[in-house]
Every structure is written in C-alpha cells, then in structure tokens.
Amino acid sequence: MARRGRVELRRIEDRTSRQVRFSKRRSGLFKKAFELSVLCDAEVALLVFSPAGRLYEYASSSIEGTYDRYQAFAGAGKDVSEGGASNNNDGDPSNIQSRLKDITSWSLQNNADDSDANELVKLEKLLTDALKKTKSKKILAQRNSGAGTIASGENSRRF
C-alpha cells in the first residue's frame, strides 16, 4: 500500500468534516491510552474537551488519584527546582513545621466562626499549602522507599 506522504496540519474548515475527524482521532487516542496502560502497566489519565465543550475522559485507575499524584510530583519538582523558595523557607522538615505553626497561631488569634471571608481565605491558603507540601513529601518518601507502586490487583481497568 502506498504511503500518502506528508500531511499539512491545518484547521479543517468544513464543520462536519472537522467533527468526524475529531471523533475518529479521539477514538484512536483513547485506544492508544488503553493499550499503553495494559501493555506497559502504566497509570494513564487522558482528558479531552470537544470544540463544543464536552468532556471525554479515560483513566486506567482513578482519574482523581492520578491527578493528585500528578499534583504531588509537580509540586515536589517545583520545590526542588526552586530550591524550596516558598513563603517559609526554613528547610524541608521545618518548613512543614513552620506552616503548622502558622496555622496554629492563626487559630489562636482568630475564631473561625467570627472571621470574615478574607481571614478564612488566608486560613484556607495556609491549610492548602500545608497539605500540598505534606502530600509531596509522602510521594517522595514512597518513591525513595520503593513503596510507591500500587499492587496490580487494586487497579481497575476501564475504557
């Protein structure tokens, strides 16, 4: 069979043809994601938004779990590449401790029931930052100890 040669990548002007091409390409992409997850035992998550705004998703396990794992790795990568340049730069172990101290001092100074929206936003940011830092530390610890892999019986394959 003869090869078609190089195809010029540009937007398809005909709306119907573009929708048909989108559907076929999306199906092929999901098939490849499924094959990658099965053949290589990889954790795969794929999100596709159609031009109309519809969401199509595939996940070899929990998409939320995969996203949380991604966030932890992305956060850990940022901390390493930035040299821990966050609000409280006291070194890694004390950084978490200083975040907890900030949360404790906030709760001692303020009553959450009597606080306004701005104060609660500050508390939420403190808690979110501490949680992200803790999750990234946990992922790094699991990766270093080799316990970061999930038993294959726990993964639920879905397509």
Side-chain angles (χ1 to χ4, degrees), residues 1-88 92 95-96 99-100 102-103 112 115 117-159:
M1 176 180 252
R3 295 186 69 146
R4 288 177 37 164
R6 193 166 273 228
V7 176
E8 181 183 344
L9 291 179
R10 59 181 165 75
R11 185 175 189 268
I12 300 170
E13 297 301 324
D14 181 40
R15 187 172 178 235
T16 306
S17 297
R18 187 170 54 243
Q19 179 58 39
V20 169
R21 180 73 58 93
F22 172 79
S23 296
K24 288 182 179 181
R25 291 283 180 127
R26 184 191 70 229
S27 298
L29 189 59
F30 279 70
K31 182 180 178 186
K32 289 290 185 187
F34 173 73
E35 291 172 355
L36 180 65
S37 70
V38 171
L39 295 174
C40 301
D41 196 28
E43 186 174 344
V44 178
L46 176 64
L47 298 173
V48 177
F49 289 95
S50 72
R54 282 195 61 191
L55 168 66
Y56 300 91
E57 64 182 25
Y58 166 79
S60 59
S61 59
S62 165
I63 199 159
E64 292 84 7
T66 304
Y67 180 73
D68 289 343
R69 188 173 175 191
Y70 165 75
Q71 288 290 81
F73 279 111
K78 269 192 224 172
D79 290 341
V80 171
S81 65
E82 293 174 357
S86 60
N87 293 341
N88 302 320
D92 285 337
N95 193 4
I96 294 173
R99 288 175 194 268
L100 292 174
D102 289 345
I103 293 167
S115 298
N118 290 332
E119 291 174 340
L120 292 173
V121 167
K122 290 177 186 176
L123 174 62
E124 181 182 26
K125 183 170 177 14
L126 287 171
L127 291 168
T128 304
D129 290 345
L131 183 61
K132 284 181 183 178
K133 190 71 173 172
T134 304
K135 279 185 178 181
S136 66
K137 288 290 180 192
K138 181 183 89 171
I139 296 294
L140 286 173
Q142 287 176 336
R143 189 187 327 162
N144 291 339
S145 69
T149 58
I150 299 173
S152 60
E154 293 177 13
N155 287 341
S156 61
R157 306 274 187 227
R158 59 185 162 119
F159 185 79

Do Val48 and Leu55 come close enough that some side-chain heavy atom pair is under 4.5 Å?
no
If you measure from NZ on Lys32 to CG on Leu39, what distance do you get to the nearest 0.5 Å?
9.5 Å
Is it the case that over 12 heavy atoms from other parts of the model lie below 6.0 angstrom from the CZ atom of Arg25?
no
So, Glu43 and Thr66: side-chain donor and acceptor under 3.5 Å apart, yes or no?
yes
Quiz item: cation-pi between Arg54 and Phe49, 6.0 Å / 45°:
no
From CD (Glu57) to CG (Leu47), nearest 0.5 Å:
6.0 Å
Would you tell me whether Ser37 and Tyr58 have side-chain atoms, one donor and one acceptor, within less than 3.5 Å of each other?
yes
Check against salt bridge (Lys or Arg N to Asp or Glu O under 4.0 Å), Glu13 and Arg11
CA-CA 6 Å; Glu13 297 301 324; Arg11 185 175 189 268; 3.6 Å; yes
What distance separates Ser62 OG from Arg69 CZ, expressed to the nearest 0.5 Å?
12.0 Å
Value for CD1 (Ile63) from CG (Asp68), rounded to nearest 0.5 Å, stands at 11.0 Å
For a 4.5 angstrom cut-off between non-hydrogen side-chain atoms, does Gln19 reach Arg15?
no
Of all heavy-atom pairs between Ser50 and Phe22, which one has the smallest distance, and what is that distance?
CA-CZ, 3.5 Å
Closest non-hydrogen atoms of Tyr56 and Arg26, given as atom of the first, atom of the second and distance, are CZ-NH1, 3.3 Å
